[in-house]
Amino acid sequence: MSPILPLPFLFLFLLVSFLSAISDANHEDATRRTMEEFSGYPIHPHPSVLSLSPSSLSVDAVGLQRQIDELAAFSDTPAPSVTRILYSEKDVLARSYIKSLMKEAALSVREDAVGNIFGRWNGYEAELPAVATGSHIDAIPFSGKYDGVVGVLGALEAINTLKRSNFQPRRSLEVIMFTSEEPTRFGISCLGSRLLAGSEAAADALKQAVDGQNISFFDAAKSAGYNICQEDLPNVSLTKESYSAFLELHIEQGPILEEEGVSIGIVTAIAAPASIKVDFEGNGGHAGAVLMPARSDAGLAAAELALAVEKHVLASGSIDTVGTVGILELHPGAINSIPSRSHLEIDTRDIDEKRRNTVIEKIQHSASKIATDRGVNLSQFTVVNQDPPAVCDESIIGAMEAASQHLNLSHKLMISRAYHDSLFMARISPMGMIFIPCYKGYSHKPEEYASMEDIANGVKVLALTLAKLSLD
């Protein structure tokens, strides 16, 4: 039997309990108001919507720059370049680093079969579809340290910024580090996000995919600790109920924002990329002994097709149509030998899928005509991928515009002519992208650079937009 307190002590105990309850209620109400002020949305339905002062958004710029520099150290080439190829030793170390940062942020961390990494901050209505954000950290040979990385580390800092503001999300917020956005090792771009979007073509391509050392995708994955087989690939895909929205923060990879002095780019659409592989076969021969009229030169056929690509792109009538012959290889590759084989890889893009496909048809027609005219064999013309463009969601665009205005940051609507994981995440949920300026538009080279001021601005816009969408 518990002792009975004397009446004065009982009164004092009840008074302290009452005051403590009032204090807790006041603290909870203050926290709720902070959340409402930050997001611009009420946590519980009531008519008032308060605004957040931009000064209350605290980005740890020093810590974020340190993380960018530390991640750049996981590279197979010396600084200032970064080389981080899928499933390499440096890639595995970088993945561990990202997971450690997610755990430091108190996120629940998981990985799927191919190594897409997810860090989730559970909302107070965790059963609702989450709001996701993220990018990639793999890097092509001799590139820079900001492409993709800003969208992963910046997303984590956006989460930490929200936490420092005592914000509590209604929908869960999830940071994704996508596996292999770059096609460097196995020739498939946006591998992780394609599989998340349920791409059967990507899954089928991986069954025969090998790298330059003839190592299969599955053997490379096993060497990195991912013991997967072909049957596991369909399990990577997500349902359309997984996320209510997806956002990606990224450097522009072009010069427009810097040249115009604009702080934030709000993407309205992502151009549709297509990749083509072409092979010509000729007779070859000695560079001195075979006379010009008798030649069957696979090298000249490739050169003529490269110029035809430029001609067809320029004739499209739109500045948004682009084409690049990024690879041109000749065999045997000797100065005194007529090329007997040539190989080209062509990239062509447009925000208009029909216009881009018309360019592809014209390139194919030119390849056939060139082969006939030059007496060589067109042994391959393969469209490796022919992805549709993606349009950003209007409500997300509006939220990003409102966030930029609220933060007094200049912004402009723009098209992304580079493709990103967002292109495929748009197949799962509504999607939006935030661009920040980068030095001279440089990317995929060691000189790639974004100032911490611009990165911090992007993090703030991302944080505020995530907050709004999480409470929507």
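As the structure is a prediction and not an experimental result, all values here were calculated from the model.
Annotation for Leu206 and Ile188: closest pair CD2-CD1, 3.7 Å, computed over non-hydrogen atoms. Annotation for Ala245 and Leu469: closest pair CB-CD1, 4.0 Å, computed over non-hydrogen atoms. Nearest heavy atom pair, residue Cys392 against residue Val267, reads SG-O, 3.2 Å. When every heavy atom of Thr465 is checked against every heavy atom of Val461, the shortest pair comes out as OG1-O, 2.7 Å. Shown here for His420 and Ile270, the closest heavy-atom pair between the two residues is N-CG2, 4.5 Å. The two residues His250 and Gly148 make their nearest non-hydrogen contact at NE2-N, 3.5 Å.
Between the side chains of Asp350 and Thr321, a donor-acceptor pair is found at a separation under 3.5 Å. Side chains of Ser318 and Arg355: a donor on one and an acceptor on the other come within 3.5 Å. Donor-acceptor pairing under 3.5 Å is lacking for the side chains of Ser88 and Asp91. Counted by atom type alone, Asn357 and Glu361 present zero donor-acceptor pairs between their side chains at under 3.5 Å.
At most 12 heavy atoms of other shown residues, nucleotides or ligands fall within 6.0 angstrom of atom CD in Glu200. More than 12 non-hydrogen atoms from other residues, nucleotides or ligands lie less than 6.0 angstrom from CD of Gln230. The local environment of CD in Glu125 is crowded, with over 12 non-hydrogen atoms from other residues, nucleotides or ligands closer than 6.0 Å. Counting non-hydrogen atoms of other residues, nucleotides and ligands closer than 6.0 Å to CD of Glu394 gives a total of 12 or fewer. Around atom NZ of Lys163, more than 12 heavy atoms belonging to other residues, nucleotides or ligands sit under 6.0 Å away.
Residues Tyr243 and Phe118 keep their aromatic ring centres 6.0 Å or farther apart.
Remark: Tyr449 engages Tyr146 in a ring pair (Phe, Tyr, Trp, His ring centres under 6.0 Å) (not counting sequence neighbours).
In this structure, the separation between CZ on Arg95 and CD1 on Ile137 is 6.5 Å, given to the nearest 0.5 Å. To the nearest 0.5 angstrom, Ile351 atom CD1 is 4.0 Å from Asp320 atom CG. Rounding to the nearest 0.5 angstrom, the gap separating the CZ atom in Arg194 from the CG atom in Asn385 is 5.0 Å. Going from atom CG of Leu156 over to atom OG1 of Thr161 covers 10.5 Å, rounded to the nearest 0.5 Å. For the atom pair OG1 (Thr184) and CZ (Arg84), the distance works out to 11.5 Å, reported to the nearest 0.5 Å. Rounding to the nearest 0.5 angstrom, the gap separating the OG atom in Ser216 from the CZ atom in Phe186 is 7.0 Å.
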Worked check of side-chain hydrogen bond (donor to acceptor under 3.5 Å, both in side chains) between Asp421 and His136: CA-CA 8 Å; Asp421 289 302; His136 67 99; 5.4 Å; no
Evaluation steps, side-chain contact (heavy atoms from CB on, under 4.5 Å), between Leu86 and Asp138: CA-CA 6 Å; Leu86 174 65; Asp138 61 314; 5.6 Å; no
CA sep, side-chain torsions, deciding dist, call: Thr133, Leu173, side-chain contact (heavy atoms from CB on, under 4.5 Å): CA-CA 8 Å; Thr133 182; Leu173 297 178; over 6 Å; no
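Distance alone, capped at 3.5 Å, is enough to place a donor-acceptor pair between the Glu448 side chain and the His444 backbone. Put simply, the side chain of Glu174 never gets that close to the backbone of Ala132: no donor and acceptor are under 3.5 Å apart. Panel note: side chain Arg356, backbone Pro273; a donor-acceptor pair is recorded below 3.5 Å. Side-chain atoms of Ser96 come within 3.5 Å of backbone N or O of Val92 as a donor-acceptor pair. A donor-acceptor pair is defined here as one N or O able to donate and one able to accept, closer than 3.5 Å; such a pair exists between the side chain of Thr348 and the backbone of Val322. Between the side chain of Asp112 and the main chain of Asn116, a donor-acceptor pair closer than 3.5 Å is present. Side-chain N or O atoms of Thr83 include none that pairs as donor or acceptor with a backbone N or O of Asp76 at under 3.5 Å. No donor-acceptor pair under 3.5 Å is formed between the side chain of Thr382 and the backbone N or O of Val384. For Arg171 (side chain) and Asp472 (main-chain N/O), a donor-acceptor pair under 3.5 Å exists by modelled atom type. Judged by distance alone, the side chain of Gln168 and the main-chain N or O of Tyr124 form no donor-acceptor pair under 3.5 Å.
Look at Arg66 and Asp69 and you find no salt bridge, because none of the NZ, NE, NH1 or NH2 atoms lies under 4.0 Å from a carboxylate O. We find that Lys99 and Glu111 are joined by a salt bridge, their nearest charged nitrogen and carboxylate oxygen being less than 4.0 Å apart. A salt bridge between Asp60 and Arg164 is absent, with no side-chain N of the basic residue lying under 4.0 Å from a carboxylate O of the acidic one.
Taking the six-membered ring where tryptophan is involved, the planes of Tyr97 and Phe74 are tilted, since the angle between them lies from 30° to 60°. Ring geometry for Phe217 against Tyr87 counts as tilted: the plane angle lies between 30° and 60°, on a 0 to 90° scale.
The shortest side-chain heavy-atom distance between Ile176 and Met425 falls under the 4.5 Å cut-off.
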